[in-house]
Chemist: 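Structure in structure tokens, see below.
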Amino acid sequence: MARRSLPEINAGSMADIAFLLLIFFLVATTMEVDGGISRKLPQKQPPQDIKIKEKNVLQISINRNDRLLVEGKQIINDVKEIKQIAIDFIDNGGGVGNNDVGACDYCKGNKDPNSSDHPNKAIISLKSDRGTSYGAFIAVHDVLGQAYMELRNRVCKERYGVSFESLLKQQKSDKSDKLKEKIKKIKALYPEIISEVEPTGN
Amino acid sequence: MSKFKKQKKGLPAISTASLPDIVFMLLFFFMVSTTMRETELKIKTPKLPKAHYTKKLEHKNLISTIYIGKSLNASNKGDVIQLNDKTARVSDVKGFIFANRQKLQEDEIPFMTTLFKVDIDSKVGTLADCKKELRDIDALKITYAATPTKE
């Protein structure tokens with residue numbers, strides 16, 4: 001009896017099977033990577049009462065109609081205006097060296113004695129109402145982030161010749177300690193100090 | 001010349017032999033570059049706000065996500081919280097974070113982040129309640145989910 005050779009397997013349906021799998025993965029998976037604005041909540045009990053000079057605090061309030069108020073008196077119509085106000089406040093550098101942080105030698109602000117002493121001391125306090133919409137709340141956070149980024153970009157260009165943003169982009173490919181050190185240093189020059197006051201209303 | 005008489009007319013069929021290879025390639029691309037959807041939303045899919053500078057969250061297992069948004073049931077006007085697969089109350093937040101902590105090594109716990117996926121139209125009040133719960137149990141790192149704006 002002649003040896004029968006094995007019949008060839010028909011691979012015509014292979015494509016169909018693969019398509020089926022492909023469609024399953026298209027439906028069941030997502031591509032997005034989560035991202036957002038990082039903030040740190042304050043400790044539950046502050047270690048002790050720390051005296052903060054009023055001039056070192058920039059108070060921004062949002063009411064339940066999403067209207068903005070800065071320092072309790074200045075009404076803001078457009079969120080974007082806050083960026084310049086925040087930059088002026090953080091970068092003021094009014095300290096003259098008799099306090100513990102000393103004068104800010106990289107600040108380019110007006111050195112107004114009634115505004116913040118040093119970027120390390122400048123606190124932005126964000127007060128919202130329970131009825132404030134989340135969109136408006138995040139818009140303020142976003143604008144504050146932009147203000148800090150602009151200041152960091154400026155000081156980074158002065159020191160290293162490149163913007164802070166491009167340093168952050170480099171970090172994706174370059175994991176060296178030197179780059180990390182640079183980023184840390186710039187962040188320390190203009191630290192993000194944003195405090196969220198517990199909302200009012202009910 | 002019978003040799004040339006029976007010539008076929010018309011175009012030859014296109015070979016589909018390489019089709020499975022192409023599809024498999026696509027399949028592998030999607031398998032590698034995407035991640036599984038973990039949770040099914042019990043609230044209306046939150047419309048995230050936009051922000052200029054967002055930070056990417058790399059380590060999936062260190063993230064606990066809290067969703068806040070409108071209920072699927074239109075008669076319920078208030079904001080609803082969703083943890084894992086269920087809608088929940090503010091008092092459930094602590095338990096949710098503790099459960100997530102249990103899955104991790106002890107030295108990883110300080111790096112845990114709570115990601116808030118909040119609908120752009122919901123109110124800050126519910127969010128504030130959640131934040132208060134988080135402060136109580138020292139889960140201080142939070143991120144407000146936002147989509148980056150295209151320049």
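Atoms considered below: every heavy atom in the structure, side chains included; atoms not considered: hydrogens, waters and symmetry mates. Every chain is numbered from 1, with letters handed out A, B, ... down the list of sequences. This structure is a prediction, so every number in the text was calculated from the model and none was measured.
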Chemist: Output the distance between atom CZ (B/Phe29) and atom CZ (A/Phe25), rounded to the nearest 0.5 Å.
Modeler: 13.5 Å
Chemist: For chain A, which of B/Leu26, B/Thr113, B/Asp136, B/Leu19 has the most heavy-atom pairs under 4.5 Å?
Modeler: B/Asp136
Chemist: So which residue, B/Lys55, B/Lys132, B/Lys117, ends up with the most heavy-atom pairs under 4.5 Å with chain A?
Modeler: B/Lys55
Chemist: Inspect the surroundings of CE in B/Met112 and state if more than 12 heavy atoms from other residues, nucleotides or ligands are less than 6.0 Å away.
Modeler: yes
Chemist: Check B/Ala51 against A/Ile37 and note the closest heavy-atom contact, atom names and distance.
Modeler: CB-CD1, 3.8 Å
Chemist: Working to the nearest 0.5 angstrom, can you tell me the gap between B/Tyr53 OH and A/Glu165 CD?
Modeler: 3.5 Å
Chemist: What pair of heavy atoms forms the shortest contact from B/Pro20 to A/Ala15, and how long is it?
Modeler: CG-N, 3.8 Å
Chemist: Answer with side chain, backbone, both or neither: which region of A/Val197 has an atom nearer than 4.5 Å to a non-hydrogen atom of chain B?
Modeler: neither
Chemist: With a 4.5 Å cut-off on side-chain heavy atoms, are B/Leu127 and A/Phe137 touching?
Modeler: yes
Chemist: Could you tell me which of A/Ser128, A/Ala139, A/Ala136, A/Gly131 has the largest number of non-hydrogen atom pairs under 4.5 Å with chain B?
Modeler: A/Gly131
Chemist: With a 4.5 Å cut-off on heavy-atom pairs, point out which of B/Thr147, B/Leu140, B/Thr143 contacts chain A the most.
Modeler: B/Leu140
Chemist: Can you spot which of A/Leu21, A/Leu26, A/Leu20 makes a side chain to side chain contact (heavy atoms under 4.5 Å, CB included) with B/Leu27?
Modeler: A/Leu21
Chemist: Which residue out of B/Lys131, B/Lys47, B/Lys141 racks up the most heavy-atom pairs below 4.5 Å with chain A?
Modeler: B/Lys131
Chemist: Please classify the contact of A/Thr132 with chain B as side chain, backbone, both or neither, using a heavy-atom distance under 4.5 Å.
Modeler: both
Chemist: Identify which part of B/Asp21 has an atom lying under 4.5 Å from any heavy atom of chain A, answering side chain, backbone, both or neither.
Modeler: neither
Chemist: Quick check on the interface: out of A/Leu22, A/Ile23, A/Leu168, A/Val143, who has the most heavy-atom pairs with chain B under 4.5 Å?
Modeler: A/Leu22
Chemist: Quick check on the interface: out of B/Ile137, B/Asp129, B/Asp138, who has the most heavy-atom pairs with chain A under 4.5 Å?
Modeler: B/Asp129
Chemist: Evaluate whether atom CD of A/Glu158 has more than 12 neighbouring non-hydrogen atoms of other residues, nucleotides or ligands under 6.0 angstrom away.
Modeler: yes
Chemist: Nearest 0.5 Å please: distance from the NE2 atom of B/His52 over to the CD atom of A/Glu150.
Modeler: 11.5 Å
Chemist: Highest number of heavy-atom pairs under 4.5 Å with chain A: which of B/Ile22, B/Thr34, B/Thr54?
Modeler: B/Thr34
Chemist: Taking the six-membered ring for Trp, are B/Tyr144 and A/His141 parallel (under 30°), tilted (30 to 60°) or perpendicular (over 60°)?
Modeler: tilted
